[in-house]
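All ligand and atom numbering here is 1-based and tracks the order in the structure. Residues: numbered from 1 along the sequence shown.
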Amino acid sequence: MVSRSPLTSADKRKHGEAMSIFEQWGVEPIINVSGSVTRLGGAPMPKAVLDAFCAAAGESVPLDVLQGAASRVIAEATGAEAGIVTCGAAAGLMLGTAAILAGFNLGRMEALPHTEDFPHEFVAAREHRNGYDHALRAAGARFVEVGFQEIVAGAGVRRVEAWEYEAAFGPMTAGVMYVYDAHAAPPLAELVKVAHAHRLPVLVDAAGELPPRSNLKDILATGADLVVFSGGKAIRGPQSTGILCGRRVLIASALLQMLDMDDHFDLWEPPENLIDRKTLVGIPRHGIGRPLKVAKEQIAALLTALRLFASGEYDRDLTEMSRHCNDIAKALQSIQPCPVAVREIPSDGQSYPLLEVTLNSSVVKRSAFDICRALRRGKPSVQVGHLKLAQGTFVINPLHLNGERTAVLIRRLREELGGTQ
Ligand SMILES: *Cc1c(COP(=O)(O)O)cnc(C)c1O
């Protein structure tokens, strides 16, 4: 794990220690115990990944050739026909949508995101709609929603069903969007069968669905046409990376719409394992994905991280992460009277262990929101997981912890929870 001292800059000046790189711009690094969340900079990159990033920066390579090589690595890890590195899972959603909308039609590539004249509807369940699907809309897709949110509304017992998608397919349907989750309805394999019976592709958002590692292959094994994974979450690549993988023709279209196309058609030799030059009547202009460009350093680092993740190398860190959770739990339980109930959620062998800290309202008179805010504003700033704050619980994810940060975190928690009086 990346090791950086969590002392404040003032502490460091006093101790004559090296400053954080962020200090020169007046920014203090925080203690992040909310995991690989995007808002706080993603996951820590392992040293091998950082080394790959720096080594790649020293040389030039054609980006299309490098993406051709990336495709082979991604295919091996996922079982897909092909894959490319994108600048995040959300970018993968936008590029995957662009590929489904335009195919190899250069006129359509140029027209995006204006899609009125050709099929542009994506059928999606109301229960799958979420903020990240802005990426599909930005490429020119329009959603046709099916199913209801009856369980959330307390007005029914049923989830969305495959026939509801089928009933919504029509002449302007371009594809289906599915947001993967182990408990998502309908089962992906069932939906893929229905969509393929109508020759429609299924684009799957699986950005945060790693671990388990088996999802790298299992989601595609359902027959889904395109799947996106985030590179900056469990894979621990650069924060602004992701993977788009699936059917070769769609991946080729996505790559064409992302690459910088400032070349002569006569000279242009795209990677043969991805793009069949003969199927193109010309060379497209910069596509809708050109603002989503990916650097060679990001590609080298992501591929290195993907190999580490897929090999199970990261599982070695879980013991140390559990120890940090355990140290924090013990320190909080030793405060008298005890201000919290702690629950350690062990790793399943691949997932991060977690620590849930629930305020005991008869001891602590402040709300979990107040404590969370005070931790954010403190020195150093601490950011805990805020998913369950409304229930009086904050969640500690040890992904970014080391011994030194854990000690500082315990001090800050004790200060806020009354353990110092
Ligand atoms: C994190 C996430 C994304 C976005 O991933 P990025 O790699 O940050 O672009 C998209 N969809 C879901 C469901 C996510 O959890």
Side-chain angles (χ1 to χ4, degrees), residues 32 34-45 49 53 70 74 77-78 83-100 122 124-139 141 143 149 160 175-185 188 191 202-213 215-216 218-220 224 226-246 254 257-258 288-289 291-295 297-299 301-303 305-306 309 351-352 354 383 385-387 395 397 399-400:
N32 171 11
S34 65
S36 60
V37 296
T38 296
R39 196 171 55 80
L40 301 175
M45 282 186 271
V49 176
F53 191 99
I74 293 168
T78 63
I84 52 173
V85 181
T86 63
C87 65
L93 290 174
M94 188 167 163
L95 289 163
T97 305
I100 288 170
F122 274 65
R126 288 194 171 83
E127 59 182 86
H128 288 225
R129 292 295 314 276
N130 68 88
Y132 294 111
D133 70 36
H134 206 140
L136 284 83
R137 289 176 273 141
F143 280 114
Q149 291 272 27
V160 63
V176 173
M177 180 192 79
Y178 186 92
V179 181
Y180 191 87
D181 174 83
H183 308 290
L188 179 56
L191 180 59
V202 179
L203 169 64
V204 180
D205 180 353
E209 296 306 312
L210 302 172
R213 279 194 290 286
N215 272 354
L216 276 176
D218 289 353
I219 296 174
L220 280 153
L226 287 173
V227 178
V228 306
F229 295 107
S230 203
K233 293 178 179 169
I235 294 174
R236 297 191 209 172
Q239 180 181 22
S240 58
T241 58
I243 292 170
L244 173 68
C245 53
Q257 296 184 77
M258 176 173 74
I288 194 164
L292 308 174
K293 77 176 177 185
V294 185
E297 299 83 4
Q298 290 172 291
I299 298 172
L302 184 276
L303 296 181
L306 178 60
F309 173 78
S351 63
Y352 307 130
L354 298 173
Q383 294 240 6
H386 57 191
L387 192 66
V395 183
N397 178 319
L399 175 63
H400 290 263

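- Taking 4.5 Å as the limit, some side-chain heavy atom of N215 sits within range of a side-chain heavy atom of Y180.
- Residues satisfying the side chain to side chain contact (heavy atoms under 4.5 Å, CB included) criterion with L40, sequence neighbours excluded, are I30, N32, S34, V37, Q383.
- The backbone N or O of V179 sits less than 3.5 Å from a side-chain atom of H128, completing a donor-acceptor pair.
- Residues V204 and I219 form a side-chain contact, since some pair of their non-hydrogen atoms from C-beta on lies under 4.5 Å apart.
- Considering only residues two or more places apart in sequence or on other chains, F309 meets the ring pair (Phe, Tyr, Trp, His ring centres under 6.0 Å) condition with none of them.
- Under the rule for a salt bridge (Lys or Arg N to Asp or Glu O under 4.0 Å), the partners of R129 that lie at least two apart in sequence or sit in another chain are D133, E145.
- For ligand 1, the 4.0 Å heavy-atom shell takes in T38, G88, A89, A90, Y132, D205, A207, S230, K233, ordered by chain and residue number.
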